[in-house]
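These notes concern the structure reproduced below.
Below, chain A is the first sequence line, B the second, and so on; all start at residue 1.
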Amino acid sequence: QKEVEQNSGPLSVPEGAIASLNCTYSDRVSQSFFWYRQYSGKSPELIMSIYSNGDKEDGRFTAQLNKASQYVSLLIRDSQPSDSATYLCAVIGGTSYGKLTFGQGTILTVHP
Amino acid sequence: GAVVSQHPSWVICKSGTSVKIECRSLDFQATTMFWYRQFPKQSLMLMATSNEGSKATYEQGVEKDKFLINHASLTLSTLTVTSAHPEDSSFYICSARDPSSSGNTIYFGEGSWLTVV
């Protein structure tokens, strides 16, 4: 089992729709969870961070964390073509400090 | 603006030569920086953890004698790819944790494209 696993893509949604990205992790004592957006040829850009169970909203983005299920998700409301990118789920495990483990990424395409 | 800066953004070198990539934290002091490598259409793979004032910790399968890491100050880590070969061509990215931020905010550099010909 991979340490961090994301739902297989690519994911295609129409403009204005909700895009849902999912991620599971294997280290039960993980404490910090992140979603990064990466455009082709560019470095990852932090979108959301979440540390406690529940929802965290920031503009059009909502991160959801369920530690019991070892599951973290990202919802993008009112998706825009500019949201088209690869989304990376990343986790800092219980015994590593600042050491991110990434999922394989989900390619999102928002079509007009 | 960027809080972690990498240089150069891209570099082309001949097979057998060495290339140095710099990673600087601009607004904070980073005792720990991380170096990742990303091949096309793949996710980021951690190569090593760079510790200020001590030896780097390498991930399994990463040759420490080939990928030399130096973290001489709290704001600068360097990665030197020695005796580069075409298979080392990749996107190299560094990251650093801002200790003054809440939680564990990790900032990434802009990345460095290495092409070995």
Worksheet item: Can you get from B/W35 to B/L76 by hopping between Ile, Leu, Val, Met, Phe, Trp and Tyr side chains that sit under 4.5 Å apart?
Response: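 No.
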
Within a radius of less than 6.0 Å around [atom1] of [X], do more than 12 heavy atoms belonging to other residues, nucleotides or ligands occur?
{"X": "A/K67", "atom1": "NZ", "answer": "yes"}
{"X": "A/I18", "atom1": "CD1", "answer": "no"}
{"X": "B/W10", "atom1": "CH2", "answer": "no"}
{"X": "B/H7", "atom1": "NE2", "answer": "no"}
{"X": "B/K66", "atom1": "NZ", "answer": "yes"}
{"X": "A/K56", "atom1": "NZ", "answer": "yes"}

Worksheet item: Measuring heavy-atom distances to chain A, does B/Q38 have an atom under 4.5 Å in its side chain, in its backbone, in both, or in neither?
Response: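 Looking at B/Q38, just its side chain touches chain A.
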
Fill in: B/L46 portion near chain A, given a 4.5 angstrom heavy-atom threshold
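Interface part for B/L46: side chain.
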
Practice prompt. For residues A/S43 and B/F108, report the shortest heavy-atom separation together with the two atoms involved.
Written response: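 Taking A/S43 first and B/F108 second, the nearest heavy atoms are OG-CB, 3.5 Å.
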
Worksheet entry | Nearest-0.5 Å distance that lies between atom CD in A/Q38 and atom CD1 in B/I93 |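 Those atoms lie 5.5 Å apart.
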
Fill in: Point-to-point distance, once rounded to the nearest 0.5 Å, from CD of B/Q42 to OG1 of A/T86
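OG1 of A/T86 is found 12.5 Å from CD of B/Q42.
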
Discussion item. So for A/E45, is it side chain, backbone, both, or neither that comes closer than 4.5 Å to the heavy atoms of chain B?
Written reply: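 No part of it gets close to chain B.
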
Practice prompt. Check the pair A/L100, B/Y36 against side-chain contact (heavy atoms from CB on, under 4.5 Å), reporting the backbone distance first and the verdict last.
Written response: CA-CA 10 Å; A/L100 286 165; B/Y36 293 83; 3.3 Å; yes

Fill in: Contact leader toward chain B among A/G103, A/P44, A/S40, A/S49, where contacts are heavy-atom pairs under 4.5 Å
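Option with the greatest count: A/P44.
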
Discussion item. So does A/G105 get a backbone contact from the side chain of B/S43, meaning a donor-acceptor N/O pair under 3.5 Å?
Written reply: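 No.
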
